[in-house]
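Here the structure comes first, spelled out in structure tokens, and everything after it is commentary.
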Amino acid sequence: MDVYFFDCDKTLYDYDFHKRLPMLAELGGVSQYRLASRWWAGGFERAAEIGEYATSEEYLAAFAEVTGASLTLEQWQRARKAAMTPIPGAIDALHEAATLGTVSLLSNNPIPFRDSLPVLTPEIVDALQGNDLVSAVLGARKPERRIYTRALGRFGVRPEDAILFDDSAANVEGARDLGMHAFQLRRRHDGFDTDGLVAAMRAFAGRER
């Protein structure tokens, strides 16, 4: 069985933190500086991405305690979604990959992100069929070796039978170091190189065994 792992941000969806932060500040009634300096610069989001908070409720409670901004999950979703723009060619590629093997997310994100996928990623959630691997569940972030071994273990697949599509060079190299196939999606002057992504996907599907 082949597995096609897709990163989310800047791979399936363009992502702009500078759209998210102002909305979070407005919804939470605090300054952007307070949010950025206390939560993100303070390392709390990174901790959340490796599983510090087991539920969305725990995440939001910690967010309120650290920043003073009390948010509902729906408000968190509004700000997150405002920063996300679908990349059509990459989303089409995921749907094609679903006809060739198993598709899964493999994304550095906290639990609220996974819980919010039907709201944030309606274009792909059905094709994923519940394969929503985020770093918070796997207890490690890309490009750590153990996130790849744990993801592969979820599907019982060998590294050589899996491919990762990701915008990060470090994440791509981490996958290749383990023996996985990988493709780095780069942004060009006219958009993302989704043609290259599709070519890499089809080459992987048609490789000699």
Side-chain angles (χ1 to χ4, degrees), residues 2-24 40 45-46 48-49 76-138 141-143 147-148 151 155 162-176 180-206:
D2 288 342
V3 179
Y4 298 77
F5 289 110
F6 286 81
D7 182 35
C8 185
D9 296 329
K10 300 183 181 178
T11 300
L12 292 168
Y13 294 81
D14 202 359
Y15 175 71
D16 187 350
F17 183 69
H18 297 291
K19 293 180 179 179
R20 181 184 181 190
L21 187 63
M23 185 172 288
L24 281 173
W40 274 273
E45 185 73 3
R46 184 179 182 88
E49 290 178 354
W76 186 93
Q77 291 168 348
R78 278 180 58 195
R80 188 61 162 85
K81 191 171 180 65
M84 299 171 65
T85 304
I87 302 173
I91 289 173
D92 290 344
L94 181 143
H95 283 277
E96 181 177 340
T99 70
L100 302 171
T102 298
V103 296
S104 176
L105 284 185
L106 187 57
S107 175
N108 289 343
N109 265 300
I111 287 295
F113 177 86
R114 189 198 65 174
D115 290 348
S116 302
L117 286 174
V119 175
L120 301 178
T121 64
E123 298 84 359
I124 63 170
V125 69
D126 289 342
L128 291 175
Q129 297 185 0
N131 297 327
D132 51 9
L133 296 183
V134 297
S135 55
V137 172
L138 296 173
R141 298 176 77 257
K142 294 176 292 182
I147 192 172
Y148 303 115
F155 296 100
I163 186 169
L164 172 69
F165 304 100
D166 201 298
D167 66 292
S168 163
N171 294 347
V172 164
E173 285 306 310
R176 287 175 177 160
M180 296 170 62
H181 299 258
F183 175 81
Q184 183 185 0
L185 181 63
R186 292 180 170 88
R187 190 192 296 267
R188 305 180 304 193
H189 69 280
D190 58 346
F192 290 89
D193 181 19
T194 56
D195 289 343
L197 187 156
V198 170
M201 176 189 70
R202 292 175 179 170
F204 171 73

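One is the number of the first residue; the rest follow in order along the sequence.
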G174 backbone acceptor or donor facing K142 side chain under 3.5 Å
no
Close side-chain approach of T11 to D167, heavy-atom, < 4.5 Å
yes
Residues which pass side chain to side chain donor-acceptor pair (under 3.5 Å) with R78, listed by chain and number, not counting sequence neighbours:
none
Got W76 and R20 here, is their nearest side-chain heavy-atom distance under 4.5 Å?
yes
Taking only residues two or more places apart in sequence, or in another chain, which ones meet F155 in a ring-ring contact (aromatic ring centres under 6.0 Å, His included)?
F5
Heavy-atom side-chain proximity of Y13 to T121 below 4.5 angstrom
yes
Under the salt bridge (charged side-chain N to carboxylate O under 4.0 Å, His left out) rule, what pairs show up with a residue in residues 91-117, not counting sequence neighbours?
E96-R202
Closest heavy-atom pair, L197 versus A90, reported as atoms and distance to 0.1 Å, is CD1-CB, 4.4 Å
Salt bridge between D14 and R187, side-chain N to carboxylate O under 4.0 Å?
yes
With sequence neighbours left out, write down each residue that passes side chain to side chain donor-acceptor pair (under 3.5 Å) with D9, or none if nothing qualifies.
R80
Side chain to side chain, N131 and V103, heavy atoms closer than 4.5 Å:
no
Do W40 and F17 have side chains that approach each other closer than 4.5 Å (heavy atoms only, starting at C-beta)?
yes
Salt bridge (charged side-chain N to carboxylate O under 4.0 Å, His left out) contacts touching residues 118-132 (sequence neighbours left out):
none
Looking only at heavy atoms, what is the nearest atom pair of I163 and A182, with distance?
CG1-N, 3.9 Å
Any salt bridge between E173 and R176, counting N to O under 4.0 Å?
yes
Donor-acceptor check, side chain of N171 to backbone of S168, threshold 3.5 angstrom: yes or no?
no
Side chain to side chain, I91 and L94, heavy atoms closer than 4.5 Å:
no
Are P122 and K81 close enough that some pair of their side-chain heavy atoms sits under 4.5 Å apart?
yes
Taking only residues at least two apart or on different chains, which pairs with a member in residues 192-201 satisfy side-chain hydrogen bond (donor to acceptor under 3.5 Å, both in side chains)?
R188-D193
Looking at side-chain heavy atoms only, is the closest gap between L117 and I124 below 4.5 Å?
no
Whether the side chain of S116 engages the backbone of Q77 through a donor-acceptor N/O pair (distance < 3.5 Å, no angle test) should be reported.
no
Shortest non-hydrogen contact between A97 and M201, atoms and distance
CB-SD, 3.7 Å
